[in-house]
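As the structure lists them, so they are numbered: ligands from 1, and atoms in each ligand from 1. All figures in this text were calculated on a predicted structure; none of them were measured in a lab.
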Amino acid sequence: MDKRYLEYSAVVITGGSSGIGASFLTFLLNLSQKVLICNLSRRKPKLFEGKERCYHFECDLSKRELIEEVVPKINQLLIDQMPQGKILLINNSGFGEYGAFQDTNLSNQLNMIDVNVCAVVHLTGLMLPLIIKRGGGIINVSSGVGFQPTPYMATYGATKSFVLDWTLAIREDLRDKGVRVLALCPGVTQSSFFARAGFSPEKESRQPAEEVVEVAWKAFEADKGFVIPGFRNKVMICIGKFFPLCLLTRISGMIVKRFRKSK
Ligand SMILES: NC(=O)c1ccc[n+]([C@@H]2O[C@H](COP(=O)([O-])OP(=O)(O)OC[C@H]3O[C@@H](n4cnc5c(N)ncnc54)[C@H](OP(=O)(O)O)[C@@H]3O)[C@@H](O)[C@H]2O)c1
């Protein structure tokens, strides 16, 4: 891992305080001690303690006005502290809520759309002029559930379908602009995600977040459009493509319904 070279001089990441985002930070800091990193989340990443060139911007991404406030500060910091080199944007923040839609909290569902969808579009839109100018890349964290409708996580699944489709589409829009774009579609991964979402899939089925990040990075370096970490996840998603959509949705619901509620 240490032999690899990070061709990005600066990284802007969301959700570096936990799970997959924290693993991305560890991975990137292992690749380069010189990289400048800006993190947006509500909590400061523990990893940032005592680290130079690691800047935390406290930001609740469900609030558009906070994104508008923070991004100019980030852009200015990038221009002042790291005026040259490619910029990598990792849209990772996100959360889910388990349960039949009618039993979920509507305000939480709307917040989820704000964080998982609106903030991704908003942050990307605001950062893109500088990324295009200097060259760079974007990794958007979707999910394996983005490939089909997901009963008992209807809104979450739909937000991740949006992220997958949108990422693949902007990848084409940006094809001649020197910006590499990847959608990362993890399956069940070890993180705080399930505690917040209120359900608990078997611990054995959870892939380590470090492994997910390794796979993501290889795919990003190879300029893939999307990547599904884990052989089992890949196979399940491929098989799903052979089923009619309504039947696939039924099966997906039967699988997700088995996960017991953790609260
Ligand atoms: N774990 C899985 O099985 C799995 C599978 C597929 C996809 N994913 C996706 O992977 C991404 C990372 O999730 P994770 O599994 O690492 O879960 P996690 O450990 O719960 O981390 C979620 C991250 O999102 C941030 N976040 C949540 N709400 C936010 C808000 N309102 N504003 C700013 N940041 C917010 C959190 O930061 P703060 O709390 O500090 O704000 C945290 O750093 C998510 O997009 C998730 O949908 C996860």
Nitrogen or oxygen of Val188 less than 3.5 angstrom from that of ligand 1: no
Cluster link Val215 to Phe147, ILVMFWY, side chain under 4.5 Å: no
Heavy-atom nearest neighbour in the protein, as seen from atom 31 (N) of ligand 1, with distance rounded to 0.1 Å: Asp60 OD1, 2.9 Å
Atoms in ligand 1 flagged as close to Phe193, the criterion being non-hydrogen separation under 4.0 Å: 1 (N), 15 (O), 17 (O), 18 (P), 19 (O), 20 (O), 47 (O)
Nearest non-hydrogen protein atom, atom 25 (C) of ligand 1: Ser93 OG, 3.3 Å
Which residues share a salt bridge (Lys or Arg N to Asp or Glu O under 4.0 Å) with Arg175, sequence neighbours left out: Glu172
Top protein contact for atom 32 (N) of ligand 1, by heavy-atom distance: Leu61 N, 2.9 Å
Parallel, tilted or perpendicular: ring planes of Phe199 versus Phe259, cut at 30 and 60 degrees: tilted
For atom 22 (C) of ligand 1, the protein heavy atom that lies nearest, with its residue and separation: Gly94 O, 3.7 Å
contact_flag Cys59 ligand 1 heavy-atom lt 4.0 Å: yes
Short N or O distance, Leu40 and ligand 1, threshold 3.5 Å exclusive: no
More than 12 heavy atoms of other groups within 6.0 Å of Lys224 NZ: no
Exam field: side chain Arg64 to backbone Asp114, donor-acceptor pair closer than 3.5 Å: no
Side-chain donor/acceptor of Arg171 to backbone N/O of Leu182, under 3.5 Å: no
Options Asn233, Val141, Asn92, ranked by nearest heavy atom to atom 45 (O) of ligand 1, top entry: Asn92
Residue and atom name of the nearest protein heavy atom (relative to atom 7 (C) of ligand 1), distance in Å to one decimal: Ser142 O, 3.2 Å
Residue part near ligand 1, for Lys160, under 4.0 Å between non-hydrogen atoms: side chain
Polar side-chain atom of Asn140 near backbone of Leu164 as donor-acceptor pair, under 3.5 Å: no
Shortest protein heavy-atom distance from atom 3 (O) of ligand 1, along with the residue and atom involved: Thr189 N, 2.8 Å
Residue list, salt bridge (Lys or Arg N to Asp or Glu O under 4.0 Å) with Glu52, at least two apart or on another chain: none
Lys44 near ligand 1 by a heavy-atom separation under 4.0 Å: no
Side-chain H-bond candidate by donor/acceptor type, Ser252 with Gln148, under 3.5 Å: no
Nearest-contact summary for atom 19 (O) of ligand 1 - protein heavy atom, Å: Ser18 OG, 2.5 Å
Proximity flag Thr14 to ligand 1, non-hydrogen atoms under 4.0 Å: no
Within 6.0 Å of CE in Met82, more than 12 heavy atoms from elsewhere: yes
Protein contact to atom 28 (N) of ligand 1 [nearest heavy atom, distance to 0.1 Å]: Arg196 NH1, 3.1 Å
The one among Ser143, Gly187, Ser23, Ser41 that brings a heavy atom closest to atom 4 (C) of ligand 1: Gly187
Backbone N/O of Gly146 and side chain of Ser161: donor-acceptor pair under 3.5 Å: yes
Atoms of ligand 1 close to Gly19 [distance to a heavy atom under 4.0 angstrom, numbered from 1]: 16 (O), 19 (O)
Check: Pro186 N/O within less than 3.5 Å of ligand 1 N/O: no
Interfacing atoms of ligand 1 (cut-off 4.0 Å, heavy-atom, Ser191): 1 (N), 14 (P), 15 (O), 16 (O), 17 (O), 19 (O)
Short side-chain to backbone donor-acceptor contact, Ser32 and Leu28, under 3.5 Å: no
